[in-house]
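Remember, it's a predicted structure, so these values are computed and weren't measured experimentally.
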Amino acid sequence: MSTARDLLALVLLLGATVLGALWLPATWIDDNVVDEDGFLAITVPLAEDPEFQRLLSDSAVQEILGGDRLPDWLQERLTPLAEEQAEKLTDTDVYGTLWGASMAELHHALFTPGASELDVDLAPAIDRILTPVEERLPIDIPRPEDATVTLATVPDVPLLTALSAVTPWAHWAGPAALVLLVLALILGAHRRTLLVLAGLGGILAGAAVWWLGTRIGTVVPDAVDQAVFLGPIVREFESRFQTAMAPQGIILLGAGALVTAAGVVLMGLHRR
């Protein structure tokens with residue numbers, strides 16, 4: 001009978017170890033990647049990156065000057081004026097609104113099956129650039145009929161789609177692991193030994209969290225974190241994930257070591 005109880009307790013400890021290893025990473029992903037507000041809290045400040053600023057402002061200028069809407073003499077006169085105003089675009093609310101809308105669209109694209117294009121309507125930016133230019137030129141400058149441009153192609157990431165279905169339950173993984181641990185200690189016949197095993201499980205869970213935090217760059221496919229436009233954004237998430245997970249993994253590992261030591265001490269006292 002005691003063997004069956006210990007076997008059941010071992011199964012519960014194994015479940016607690018798995019849930020403990022998944023709890024912190026899955027919770028972080030749910031709060032900062034799957035949840036749109038958390039995603040935007042990380043990506044919206046990236047609007048200050050000069051590379052992203054140039055991408056949007058240069059795209060707006062290209063839309064203004066592209067095509068055959070403007071005669072050559074007007075393009076020649078307009079080019080330096082448009083470029084001058086484009087440099088000021090990033091200090092306006094228009095740029096912030098465009099970037100926020102682009103990041104919301106990116107979040108949607110990441111969780112949509114299949115590859116998709118990240119499109120943004122530059123009409124507000126073009127108006128913001130041309131309005132002061134028209135004050136200096138004696139003519140109205142025609143706007144593009146369609147000012148939508150593709151910033152990047154977002155690759156298909158099936159893992160994210162799968163995670164979005166699972167991570168909402170991540171916040172319960174920690175309490176569930178604790179419940180399984182308590183049940184294992186209650187049901188098991190050799191509680192001191194089980195306490196040592198529980199501590200070893202905590203060490204394994206902590207090591208797994210630490211490893212994932214420090215190696216997240218190798219886990220994310222190159223097609224994602226090396227992609228044009230998307231790559232720098234993904235690498236920002238990787239950096240934040242590492243910053244959050246590495247120390248938490250060490251804390252969990254340390255807690256497991258303490259529980260293991262406590263179990264060993266109790267086993268020694270029992271034998272005396």
Side-chain angles (χ1 to χ4, degrees), residues 21-60 90 94-125 146-173 208-209 211-246 248:
L22 295 176
W23 173 43
L24 294 172
T27 299
W28 191 94
I29 291 172
D30 184 55
D31 291 342
N32 297 282
V33 180
V34 177
D35 180 73
E36 184 174 351
D37 290 338
F39 182 87
L40 294 179
I42 292 177
T43 56
V44 168
L46 295 179
E48 301 299 323
D49 185 284
E51 181 180 349
F52 292 133
Q53 291 179 348
R54 284 193 301 270
L55 177 62
L56 282 178
S57 60
D58 290 352
S59 297
T90 54
V94 171
Y95 172 74
T97 301
L98 277 176
W99 181 260
S102 300
M103 293 301 98
E105 182 65 24
L106 174 60
H107 182 266
H108 175 73
L110 285 171
F111 292 96
T112 300
S116 57
E117 294 182 339
L118 177 60
D119 296 328
V120 58
D121 183 7
L122 292 177
D146 183 6
T148 300
V149 299
T150 299
L151 293 181
T153 298
V154 181
D156 184 24
V157 190
L159 179 60
L160 281 181
T161 305
L163 285 175
S164 65
V166 176
T167 53
W169 301 95
H171 295 273
W172 294 98
V209 172
W211 181 90
L212 185 61
T214 56
R215 299 291 187 271
I216 186 62
T218 63
V219 175
V220 178
D222 289 342
V224 177
D225 65 5
Q226 299 300 322
V228 176
F229 183 81
L230 179 61
I233 296 174
V234 173
R235 289 194 292 272
E236 176 67 18
F237 278 90
E238 291 175 356
S239 175
R240 293 188 179 227
F241 182 84
Q242 180 175 352
T243 300
M245 289 301 106
Q248 291 187 26

For a quick test of reading the model, state the closest non-hydrogen atom pair linking Val209 to Pro25 and the distance between them.
CG2-CD, 4.1 Å
Looking only at heavy atoms, which two atoms of Asp30 and Pro168 are closest? And how far apart?
OD1-N, 3.7 Å
All side chain to side chain contact (heavy atoms under 4.5 Å, CB included) counterparts of Ala208, not counting sequence neighbours:
Ala21
Determine whether Leu151 and Leu56 satisfy the following criterion, side chain to side chain contact (heavy atoms under 4.5 Å, CB included), listing intermediate values before the conclusion.
CA-CA 8 Å; Leu151 293 181; Leu56 282 178; 3.9 Å; yes
For the pair Ser239 (side chain) and Arg235 (backbone), establish whether a donor and an acceptor sit closer than 3.5 Å, ignoring hydrogens and angles.
no
Nearest 0.5 angstrom please: Ile216 CD1 to Ile29 CD1, how far?
6.5 Å
Report yes or no: does His107 contribute a side-chain atom to a donor-acceptor pair with the main-chain N or O of Ser102 at less than 3.5 Å?
no
I need the Ser164 OG to Leu159 CG distance, nearest 0.5 Å.
10.0 Å
Could you state the interatomic distance from CG (Leu230) to CG (Leu110), rounded to the nearest 0.5 Å?
6.0 Å
Report yes if the side chains of Thr97 and Pro124 come closer than 4.5 Å at any heavy-atom pair, otherwise no.
no
Looking only at heavy atoms, which two atoms of Gly213 and Phe241 are closest? And how far apart?
CA-CE2, 3.9 Å
Counting N and O atoms only, with roles assigned by atom type, does the side chain of Asp156 sit under 3.5 Å from a partner on the main chain of Ala115, one being a donor and the other an acceptor?
no
If you measure from OG1 on Thr43 to CZ on Phe237, what distance do you get to the nearest 0.5 Å?
5.5 Å
Would you compute the distance between atom CG of Leu118 and atom OG1 of Thr150 and round it to the nearest 0.5 angstrom?
8.0 Å
In short, Trp23 meets Ala170 closest at the heavy-atom pair CD1-O, 3.2 Å
Relative to the ring of Trp99, is the ring of Phe52 parallel (under 30°), tilted (30 to 60°) or perpendicular (over 60°)?
tilted
Within the structure provided, determine whether Val120 and Glu105 are in side-chain contact (heavy-atom separation under 4.5 Å).
no
Mind checking whether Arg240 and Asn32 have side chains closer than 4.5 Å, heavy atoms only?
no
Heavy-atom pair with the smallest gap, counting every atom of Trp28 and Met245:
CB-CE, 3.8 Å
Looking at Ala26, is its backbone amide N or carbonyl O close enough to the side chain of His171 to form a donor-acceptor pair, meaning the two atoms are under 3.5 Å apart?
no
Calculate, to the nearest 0.5 Å, the distance between atoms CG and CD belonging to Leu212 and Gln242 respectively.
10.5 Å
Donor-acceptor pair, Tyr95 side chain versus Ala47 backbone, under 3.5 Å?
yes
Measure across Asp35 and Asp31 and return the closest heavy-atom pair with its distance rounded to 0.1 Å.
CB-O, 3.7 Å
Using the test salt bridge (charged side-chain N to carboxylate O under 4.0 Å, His left out), find all partners of Glu117 that sit at least two apart in sequence or belong to another chain.
none
